[in-house]
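Residue numbers start from 1 in every chain, and the chains themselves are labelled A, B, ... in the order their sequence lines are given, proteins ahead of strands.
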Amino acid sequence: MPLEMFRSLSSLQLLDRNVLANLALYRTGDFSNFLHDQKLLRVQDDFNPDFFDNLKCTNQANDDYHNALLIWSNLNITPRLAREARLWCYLTHTHGLDYSRARYPLSRGNDNDIKSIRAHFLVNNELRGIDRDNALSRLWVSAFIASKVDGLDFEVALQVLLYQTDFREQLIGHPTIMRSVRTLNEVMCCAKKILLDDGNTEFFKRKDHKGQYKTWFHLLDVEGGRVLLDGLSSEELSKLVQKLAEQAH
Amino acid sequence: MQFSFQKSFGYPVLRLGSDDYSSGAFQPTIIPRNVAKGEEEARIDCRFAISVEEISSLIDVGKASFAIVIDCRDTFYREIFETNDNRATFFCSSDMLKGRVVFESYIIVKEKIPDYSCKHIDEFYGPGPHQFTPGMVLAQGLPVEKNIHAEKLRDNQSLMSFHSDENLKMGEWWFDILNEFPSVYVSPEQLASINSAPTASNPIIENTFLVPIVSEMVAALRDEELVEEVISYPWSGLILDGLKNPKEELENPDEELKNPDDDESLISDLSKSNIRLAQIFLGLPLARQNQLMVGSGD
């Protein structure tokens, strides 16, 4: 079967306008009637959606690693296509509906559930909706970031990235780190050394909205506002990233 | 962590709108060339002009360099390219340049500079000499933002694809521009005819299909409500780019490096109708059809 996505943004706008009316469908139903009336765009001719059945349907962040691997190895799309809200919203309302409602349970009252649907089933924030919020795109993006870390094995990089949800979100919230292969590589290699080689899980603990990893990103922010990190040599960049991590301890 | 034009670096940086330097300018010209279908590399032509001699001499001796950073949100891509020449051409994977791409430009320090002095530095920073370490920014150009697309619609019609609709009679057609890839629907027999048409008949395709389609695209871009939906589609960038109206020629001996961003779009010129702008965008395609009409009179 083909991989498809909504042809027009109007399908997304329609879903967004009708979240309240569709609450029951989000909680237990499906969107076959809605989809019947929507125009779709074929983006790949050969696509097997069976892997969606193998996603761990829980609300546990621990399962993100398994699920990100599964999405990455079966959803063979370009980064450009991964920027399409029309793709991810189509998937969260079709093949990935069961997973999305398991990962983000809709049982906290209408107001909270509506917010959760807009964040995790739709894409309602241009800057971070795909990177951080949508139930399926966030898994693909995590794996994509791990794939860019050439200093680590893909699985190791993904393991470090997903060790703690807020660490991942901090990294993704720093696009100049996330998008720059060189800076991302140094930051992830340093994070791997702290977490896996030194066994320092304390560094990644979140404490009252603080934590050593947060101080580290803050120091990177300060330094990155003073020098162009991309302009440093690999050796200089590596030393700087490690020095700032030590300061954050 | 992104450098802002509103924010001080904490040390003197030559840039527009800042009084860190009382005189002097850094003027980069960055021109990403159009990428044709099938080309794997994108070419970016750059020219750098720096009028502060002290900075210029640091570049000459390799203590500083010109740098451009290409940052593409859509492909999660960011890469730096450096040179010590005033003119340079860089290449990067064309797959990485799609949609909104920002080109940042800098002069950055490559080696420690313990004794930099320049009479144009504002006295706020003290008499100097000033110290710079690798990675620090000596000058910053205005970021250039581009919408980059695979190819020009007017060149090869490839962003318009034909599809068959069995409900249509031979000769009937309709089109849909409210999606990323504008589509034309014709009957299956008509589609076979179009697909087998020789290249020489392209002007007929242009005049029959592209003129009304581009006219509709122009109308959508001029419609306050529709524009929000269509502006994200690649074709909207093509239309806006294609309708840029050259300003009066500046004194620029290097025509090759003329920056298309200096042009204004005709889209806001309401004295020209949608159909007129479609003709302008397509390069007056009726004229190209004339050769097909030669000798056809009774």
Side-chain angles (χ1 to χ4, degrees), chain A residues 5-13 39-43 78-87 126-128 130-131 140-141 144-145 147-148 172-184 217-233 235-237 239-240, chain B residues 1-4 7-11 13 64-82 95-100 102 104 106-112 132-138 140 148 150 163 176-181 183 226 228-234:
Chain A
M5 69 178 187
F6 290 121
R7 180 185 259 183
S8 169
L9 291 174
S10 57
S11 299
L12 275 56
Q13 289 157 358
K39 286 183 181 170
L40 301 177
L41 189 66
R42 178 183 291 212
V43 290
T78 63
R80 169 72 174 140
L81 185 56
R83 276 287 177 220
E84 278 291 351
R86 293 175 297 164
L87 171 71
E126 194 202 350
L127 286 178
R128 62 183 189 183
I130 286 173
D131 294 344
W140 187 93
V141 169
F144 176 71
I145 293 169
S147 77
K148 287 176 40 159
I172 286 174
H174 289 74
T176 50
I177 294 178
M178 180 183 80
R179 293 205 281 264
S180 166
V181 172
R182 294 181 60 238
T183 314
L184 174 72
F217 278 111
H218 171 69
L219 293 171
L220 281 166
D221 267 345
V222 172
E223 199 60 23
R226 199 181 71 84
V227 302
L228 185 66
L229 296 181
D230 294 290
L232 295 173
S233 69
E235 192 184 358
E236 289 160 348
L237 185 57
K239 273 186 189 168
L240 176 68
Chain B
M1 215 178 78
Q2 218 146 11
F3 296 139
S4 159
K7 208 172 155 187
S8 168
F9 282 81
Y11 55 86
V13 175
S65 70
F66 298 112
I68 66 163
V69 175
I70 304 176
D71 190 304
C72 182
R73 192 186 71 100
D74 282 6
T75 58
F76 306 84
Y77 170 74
R78 183 177 169 89
E79 187 167 2
I80 189 167
F81 296 88
E82 296 176 47
D95 283 345
M96 291 296 125
L97 299 189
K98 299 259 173 75
R100 180 179 171 271
V102 178
E104 303 166 13
Y106 304 96
I107 296 174
I108 53 170
V109 176
K110 298 308 293 177
E111 285 178 26
K112 189 172 180 182
F132 287 90
T133 54
M136 289 173 85
V137 175
L138 290 169
Q140 181 184 23
I148 297 195
H163 303 275
D176 177 15
I177 61 163
L178 293 182
N179 63 68
E180 192 166 359
F181 307 105
S183 302
L226 263 182
E228 285 185 21
E229 175 172 355
V230 303
I231 201 69
S232 65
Y233 298 139

Quiz prompt | Under 3.5 Å donor-acceptor, A:R83 side chain and B:R73 backbone | solution =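 Indeed, once roles are kept as given, a pair shorter than 3.5 Å links the two residues.
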Nearest non-hydrogen partners of [X] and [Y], listed with the distance:
| X | Y | answer |
| --- | --- | --- |
| A:L232 | B:P134 | CD2-O, 3.2 Å |
| A:R179 | B:C72 | CD-O, 3.6 Å |
| A:G231 | B:K110 | O-NZ, 2.8 Å |
| A:L228 | B:Y106 | CD2-CD1, 3.7 Å |
| B:R78 | A:D230 | NE-OD2, 2.9 Å |

Per-residue contact mode, [X] against chain A (heavy atom under 4.5 angstrom):
| X | answer |
| --- | --- |
| B:S65 | neither |
| B:Y77 | backbone |
| B:E79 | neither |

Exercise. Output all residues satisfying side-chain contact (heavy atoms from CB on, under 4.5 Å) with A:L40, sequence neighbours left out; order by chain, then residue number.
Key: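 Testing A:L40 for side-chain contact (heavy atoms from CB on, under 4.5 Å), a comparison that skips the adjacent residues, returns A:E4, A:F6, A:Y90.
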Quiz item: B:L178 versus A:K39: any side-chain heavy-atom pair under 4.5 Å?
Solution: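 No - every pair of side-chain heavy atoms lies 4.5 Å or more apart.
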Quiz item: Looking at side-chain heavy atoms only, is the closest gap between A:V141 and B:F76 below 4.5 Å?
Solution: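 Side chain of A:V141 against side chain of B:F76, heavy atoms only: contact under 4.5 Å found.
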Quiz item: Run the side chain to side chain contact (heavy atoms under 4.5 Å, CB included) check on A:T176 and B:V69 step by step: do they pass?
Solution: CA-CA 11 Å; A:T176 50; B:V69 175; over 6 Å; no
